[in-house]
Amino acid sequence: MATTRFAPSPTGYLHIGGLRTALYSWLWARKTKGAFKLRIEDTDLARNSAEATKKIVEAFEWVGLDYDGEVVYQSDRFDLYKGYIQQLLDEGKAYYCYMTKEELDRLREEQMARKERPRYDGRYRDFTGTPPSGVDPVVRIKAPLEGKIVFDDGIKGTITIDASEVDDFIIARSDGTPTYNFVVAIDDALMGMTDVIRGDDHLYNTPKQIIVYEALGFKLPRFYHVPMILGPDGKKLSKRHGATDVMEYKAQGYLPEALLNFLVRLGWSHGDQEIFSVDEMLEYFDPADINSSASQYNPDKLLWLNAHYIKNTPNDKLAKLLEEFGLYLLSHDKREILLDIFKERCKTLKEMAEQIKEVLETPESYDEKALKKAFKGEAAENLKAFAQALEEADNLHLPSDYHTLLERFVQEREIGFGKIGMPLRVALIGRLGGPDLSDVMSIIGRDESIARIEKLLKSLEG
RNA sequence: GGCCCCUUCAUCUAGCGGUCCAGGAUGCAAGGUUUUCAUCCUUGUCACAGGGGUUCGAGUCCCCUAGGGGUCACCA
């Protein structure tokens, strides 16, 4: 039974890096029949926004990650933290520091000038004199002066950090509000975390948090630091490369199961398996199997997975999803054939909606290149004749009826298929490419087919 | 720069000392299917960062070098 959490700071939207660590945490909690909690790290009152929290919850809902209990806001727990600060102060494990921000900056600059590591010098650690007046002190915790801080990371193995790397960091700002590393340790302990799965970028916070755990006598959880997701260029994931809002993937026509499948495989695998349903993830996932190296974001593979999941989504569900993209097929009489055709050819819902509209709606304009390529020689005459053939034919219903008609037409005129296929394609959907012509005509019907041909012929004359 | 972490095809990865002249997937290329495009199928392309050890034997263990990433706040 693992208790895990996702603990974002509400400074922006949820991006795929965050979603992946959330997924890993969620999988581990659900797999072990434990609990998964959502906690908002909003101790810096100046920075957080309620809007950001809403967006994160919304993204969770979209991908189907559920959390146990209410969302925990650290801003609601300041009294609790203050109690612990006082406790450490009373026990002599923390102390007031009267250095101002300016003094601190100056110290840092001097240290850097001497090519030293910037670091608090501990000048108030054992201070017993009269404190300077007019300074609101911060509270610093006493970090060990020597030795090593060692912990066992579930992904990276034993991590050893020298005590000299960690200074007496601030646990309460001069305005009395507690800081991140302090409250995270308290909340993780109080909320009963057994496994803390978080981004690599928190690796250096862990020794600090361990100091808090030890000062307060809390039991340590197991830590897992998952490597970052890099951009396709191997650099830090940037906005233009995928560090966008998870909800943007929804807007672009991605299915949540595709996104989750993509993310779970980024840094984790189970043999040669590529396709994982959530149930399969739950069956096989173990955070101990997460890779220790960073991985690059690969949009092509996400697209491939999305195409796969679209193909395997039932039509009624697709029809519902497509409504987000302005396509309303739920009560359309050609719904099944349309979806059957297009779910095989599209990589995103957005693309699918666009292509289906292309069939359903009379083209407003025609692709310049297609026009040039299709209308050489007798093309216009052929097209006119084909409209005539459509007019005269009986029993045009199924795609096969149109197919037979086309075949006979080509035979009788002794022309290659392209001579009628290309112009007809432009007339029907405005461009080359696209689905089978017999299918298209069967879907839109004889009259609309003829109307589209006439529209194109007319525009050629003008 | 100090410290920490990482390093198998272009990319995601399999591999946990011999079964690897390194497997799967994406991408790319070619061919097939398709009246077009896409899908689909087949085939191909492409890697153990470099150098030292340890060992009968190393992609797998150790060390060094190089490269990459992270981190050094009264942000989280």
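Order of the sequence lines fixes the chain letters, A, B, ..., with proteins taken first and strands second; residue numbering starts at 1 for each chain.
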Determine the contact category for [X]: base if any of its heavy atoms lies under 4.0 Å from a base atom, sugar-phosphate if only primed atoms, P, OP1 or OP2 are that close, otherwise nothing.
{"X": "A:Q296", "result": "sugar-phosphate"}
{"X": "A:S293", "result": "sugar-phosphate"}
{"X": "A:T160", "result": "sugar-phosphate"}
{"X": "A:G199", "result": "nothing"}
{"X": "A:T100", "result": "base"}
{"X": "A:G434", "result": "base"}
{"X": "A:D167", "result": "nothing"}
{"X": "A:P232", "result": "nothing"}
{"X": "A:M99", "result": "base"}
{"X": "A:L437", "result": "base"}
{"X": "A:K115", "result": "nothing"}

Pair assignment for [N], Watson-Crick or G-U wobble, requiring both distances under 3.5 Å:
{"N": "B:C72", "value": "B:G1"}
{"N": "B:U55", "value": "none"}
{"N": "B:C9", "value": "none"}
{"N": "B:U39", "value": "none"}
{"N": "B:U45", "value": "B:G27"}
{"N": "B:C21", "value": "none"}

Under a 4.5 Å cut-off applied to non-hydrogen side-chain atoms, are A:R77 and A:V72 in contact?
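Of all side-chain heavy-atom pairs linking A:V72 with A:R77, at least one is under 4.5 Å.
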Under the rule for side-chain contact (heavy atoms from CB on, under 4.5 Å), what residues qualify as partners of A:D162, not counting sequence neighbours?
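By the side-chain contact (heavy atoms from CB on, under 4.5 Å) rule, A:D162 matches A:K148, A:S164, A:E165.
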Could you pull out all residues at least two apart from A:E344 that satisfy side-chain contact (heavy atoms from CB on, under 4.5 Å)?
A:K311
Quantified in whole Å, what is the [atom1] atom distance between nucleotide [N] and nucleotide [M]?
{"N": "B:U39", "M": "B:A30", "atom1": "P", "value": "14 Å"}
{"N": "B:G59", "M": "B:U42", "atom1": "P", "value": "31 Å"}
{"N": "B:A49", "M": "B:U60", "atom1": "P", "value": "8 Å"}
{"N": "B:A66", "M": "B:G50", "atom1": "P", "value": "16 Å"}
{"N": "B:C48", "M": "B:C5", "atom1": "P", "value": "26 Å"}
{"N": "B:G24", "M": "B:C72", "atom1": "P", "value": "43 Å"}
{"N": "B:U19", "M": "B:A38", "atom1": "P", "value": "42 Å"}
{"N": "B:A47", "M": "B:A22", "atom1": "C1'", "value": "9 Å"}

When you check the phosphate oxygens OP1 and OP2 of [N], does a side-chain N or O of [X] lie under 4.0 Å from one of them?
{"X": "A:K101", "N": "B:A73", "answer": "no"}
{"X": "A:S269", "N": "B:A14", "answer": "yes"}
{"X": "A:T43", "N": "B:A76", "answer": "yes"}
{"X": "A:S295", "N": "B:U13", "answer": "yes"}

Nucleotide of [options] approaching [X] most closely (side-chain heavy atoms):
{"X": "A:R345", "options": "B:C37, B:U39, B:A14", "value": "B:C37"}
{"X": "A:L266", "options": "B:A76, B:C12, B:C5", "value": "B:C12"}
{"X": "A:K301", "options": "B:U39, B:A25, B:G69", "value": "B:A25"}
{"X": "A:R265", "options": "B:C4, B:C74, B:U13", "value": "B:U13"}

5'-most contact on RNA chain B: A:N181 or A:R117, nearest heavy atom basis?
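Looking at RNA chain B, the more 5' nearest nucleotide goes with A:R117.
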Along RNA chain B (nearest heavy atom to each residue), the more 5'-positioned of A:R108 and A:C346:
A:C346
When you look at NZ of A:K93, are more than 12 heavy atoms from neighbouring residues, nucleotides or ligands closer to it than 6.0 Å?
yes
Quick test of your reading of the model: are A:R173 and A:D136 salt-bridged, counting only N-O distances below 4.0 Å?
no
Record whether the side chain of [X] comes under 3.5 Å of the base of [N] through a donor-acceptor pair of N or O atoms.
{"X": "A:D201", "N": "B:G70", "value": "no"}
{"X": "A:S292", "N": "B:C5", "value": "no"}
{"X": "A:N205", "N": "B:A76", "value": "yes"}

Do the ring centers of A:Y309 and A:W304 come within less than 6.0 Å of each other?
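That pair fails the under 6.0 Å test.
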Can the ring centres of A:F262 and A:F276 be said to be less than 6.0 Å apart?
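When the ring centroids of A:F262 and A:F276 are compared, they turn out to be at least 6.0 Å apart.
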[N] [atom2] sits how many Å from [X] [atom1], rounded?
{"X": "A:N298", "N": "B:U13", "atom1": "CG", "atom2": "P", "value": "10 Å"}
{"X": "A:F182", "N": "B:A73", "atom1": "CZ", "atom2": "C1'", "value": "18 Å"}
{"X": "A:L305", "N": "B:U39", "atom1": "CG", "atom2": "C1'", "value": "16 Å"}

Compute whether any side-chain donor of one residue and acceptor of the other, for A:N382 and A:R413, lie under 3.5 angstrom apart.
yes
